[in-house]
Structure formats: structure tokens, C-alpha cells
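Everything numeric here is computed off the predicted structure, so don't read it as measured data. Here is how names work: the chains are called A, B, and so on, in the same order as the sequence lines, proteins then strands, and each is numbered from 1.
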Protein chains: 2
Amino acid sequence: MPESPSKDASFPREEELREGIELLFFAYRDFTSDPDDILTEYHFGRAHHRAIHFIGRNPDTSVSELLAILRITKQSLSRVLSQLIDRGFVAQAQDTVDRRRRLLRLTEAGLELERRLSRPQRARVARAYREAGAEAVAGYYKVLTGLIDEAERDRVARALERP
Amino acid sequence: MPESPSKDASFPREEELREGIELLFFAYRDFTSDPDDILTEYHFGRAHHRAIHFIGRNPDTSVSELLAILRITKQSLSRVLSQLIDRGFVAQAQDTVDRRRRLLRLTEAGLELERRLSRPQRARVARAYREAGAEAVAGYYKVLTGLIDEAERDRVARALERP
DNA sequence: AAATTTTGGTCAGTACTATTGACCTGTATT
DNA sequence: AATACAGGTCAATAGTACTGACCAAAATTT
């Protein structure tokens, strides 16, 4: 059983933990830098990218579902969302079942922008995956999933399988 | 050679890439939430944590070295740094060799705060490591390192080995 | 049918992070 | 002496996010 958790009490030594923490910081810093540059052109920020990403991945999400994913207040999302709607990247439609709910999806322009923003990220991840190999990718998945709040791990796992 | 990169052209399929991107977002979101709560007590933000972390890891770093690591402007760092110095968490000392340089290190209070901020992160990473196992951790390292800008990968790798 | 809850939106005020640009003091190098 | 570098500072701007207070429409509960 190569994938069984280590029982060694000294296994994650403090230095290993600090390295893992730092790697996450550096990877995230560089990972977000490419789309950040593109967003500047549009006078958008990282929050716009996050909204575009999750609306693109989950068409017809409601605002409150998006709030739960992004973990921000509705006031914060509202600003970003209305800018995206005003500029024609996101469309709202009323839910026919529950007409209070506004279902969100990307417009054609929104889909285009999503592809443009994610292209450098996909390229970066693809390169890292290829260089590290499939086995390393499985470990990357396992550890990152373990870093997510336990309460949300299932929801995230399900969201990853759905699309 | 289980760690050799896959040669399969279809290996990182688009869906896998998008999952890898999303996992990084969720992991980073939850990873930063614990220290963020503690920082609020001190009326500090995430930038203060980052400065404390890297000064703690690299005692006697100069300001410009810190700027290069954090990738922010000196004006941004200056505000954060002078607050940390005013409140007694960071101390400055002149370099005896090049007296233009201010070498930064944590005070006793700074070391204490660093431990307090990193404790929940270390616990989170330790749990994820234990659950995933040593082999998965190796993959996590490999992929995250591959996500870092090529130009900085060596510098980061060296920084991780130094302390 | 009336009361309550849910969903979504809005206004106002505040805080943190980060940016660009300009300008200044020292110190080191050439 | 001139130039370059390390660091600090002032001012203005932008993006993200927060709390708190309200409001309206629609759904659910009583």
C-alpha cells in the first residue's frame, strides 16, 4: 500500500511544513500573475477573474452559490458582478422555478475572456504536470485536497467531478 | 522509473488542468483564513504576515531582498514594515559592511507572533501530509515547484534549503 | 391569508493592499 | 566629482473586502 498515510510521528518535521507553506505562497503568487496582467487591460482585478472562472465552470449558478464558493460578502460580489454584467461578460436570467434567483452565465464575450485569462494558467499547470509526471500529480491532488477545510472538501470534490 | 514525466501528449487533459487550477484556489483560500483571523486582532493584514514569515525565515534580510521575494513595491512594503517596527515586532540594524542596507530581523515579540500565526497553518499542512503520505508529499513538492516562474525556481529552491 | 424566511440588491462608511510618480538622503562605486 | 544604489517618504489612485443598515420580491410556514 504505497498510498497509506505514514504512521511515523516525526514524519512532517517542522522544516518540511514550513517548506510546504512557502511553496504554496510562491506557486500562488506566480500562478496569479499572468491573468493579473491581462485583467489590468480591462480595468478588472483578481475578483473578476474568480467570478468569471466559477460562472464559466458552473453555468446557471445563483448568486448565493457563487458567494458560498468565493467566501466573500454579497456586497463585495455585487460590485464585481454588476461591472461584469454592465460590460457584457456575464448575463443574468431569472430562474423559472424560483423567480427570486438570478442564474448567471457567461456571454460569448465572457467565454472568450475566460479562455484568454485561463490560457497562461492552463499552460503553466500543463507544463508542471508534464515535468512532474502523473504520479506526482496524484500526490499534488491528494495534498491540496487535504488542505481544504474539512467541511467543504466534499462539496469541492463534487464540484470538480460535475462539469 | 516511476517519477519520469509522462510522454503521452494527451496527458494533462483540459479538465485535469482546470481541476488543478481550482484546487489551488480552494487550498490557498482556506490556508490563509486561519492566520487572517489572528491578524485582525492586531489590526494587521496578510501583508504583515508575509513580511513576518520571510523575515523570520531569513534573519538579516535587507529591504530590497524582501521586496524581491514578495514582488511588491517598496512603497507598499514600507507601510507594512514601519508598522511592524513601530509596534516592536521587527528590528532594523545597519549592515556594517554596506551601511546603506538595513538588515531586518524579528524581535522576541515578532518570533512569538510568527509562531502564533503559523501554528494553524503548520497544523493544517501536517494533517494533509499525514493523510496523503510521504509519496504524495513528494508529488506535491514537484508540481508546486514546477508552477513557480522558471527564473525564480532556483532561488526559491535554494531559499528552502538554506534555513 | 398572514407571518416569516430566503434571496437578492443597495447605500454608506471604513480598512487593507498595492500601484505609479516624484523627490530626497545617505552610501558606495567608478 | 559623477553616477549608481539602498532606502525612505509624500501624494494620488485603484481594487478588494468588510460591517451595518435598509429594502423588495418571492417562497415557505403557520
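- Using a 4.0 Å cut-off between charged side-chain N and carboxylate O, Glu114(A) and Arg18(B) make a salt bridge.
- A donor-acceptor distance shorter than 3.5 angstrom exists from the side chain of Arg153(A) to the backbone of Thr145(A), with no hydrogens or angles considered.
- Per the geometry, CG belonging to Leu104(B) stands 12 Å off C1' belonging to dA6(D), to the nearest Å.
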Protein-proximity profile, nucleotides 24-30 of chain D, B/S/- by nucleotide at the 4.0 Å heavy-atom cutoff, equals -BBS---
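- Comparing dG8(C), dG7(D), dT9(D) by their nearest atom to the side chain of Ser78(B) picks out dT9(D).
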With B for base contact, S for sugar-phosphate-only contact and - for none (protein heavy atoms under 4.0 Å), nucleotides 10-17 of chain D reads B----SBB
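- Judged by distance alone, the side chain of Arg102(A) and the main-chain N or O of Arg100(A) form a donor-acceptor pair under 3.5 Å.
- Residues of residues 27-34 of chain B having a heavy atom closer than 4.0 Å to DNA chain C: none are found.
- One atom, CG of Leu70(A), and another, C1' of dG8(C), lie 16 Å apart when rounded to the nearest Å.
- Aromatic ring centres of Tyr28(B) and Phe31(A) lie farther apart than the 6.0 Å criterion allows.
- A salt bridge links Glu14(A) to Arg115(B): one of the charged nitrogens lies within less than 4.0 Å of a carboxylate oxygen.
- Contact annotation: the side chain of Glu135(B) never approaches that of Lys142(A) to less than 4.5 Å [non-hydrogen atoms, C-beta and beyond].
- Proximity of Ser64(B) to the phosphate of dG7(D): a side-chain N or O atom is located under 4.0 Å from OP1 or OP2.
- Under the 4.5 Å side-chain criterion, counting only non-hydrogen atoms from C-beta, Tyr141(A) is in contact with Glu19(B).
- A salt bridge links Arg124(A) with Asp149(B): the closest approach of a Lys/Arg side-chain nitrogen to an acidic carboxylate oxygen falls below 4.0 angstrom.
- Note on Glu16(B) versus Arg122(A): no salt bridge recorded, every NZ/NE/NH1/NH2 to OD/OE distance being 4.0 Å or above.
- Distance CG (Asp36(A)) to P (dT17(C)): 17 Å, rounded to an integer number of Å.
- Ion pair Glu112(B)/Arg116(B) not flagged as a salt bridge, since none of the NZ, NE, NH1 or NH2 atoms sits closer than 4.0 Å to an Asp/Glu carboxylate oxygen.
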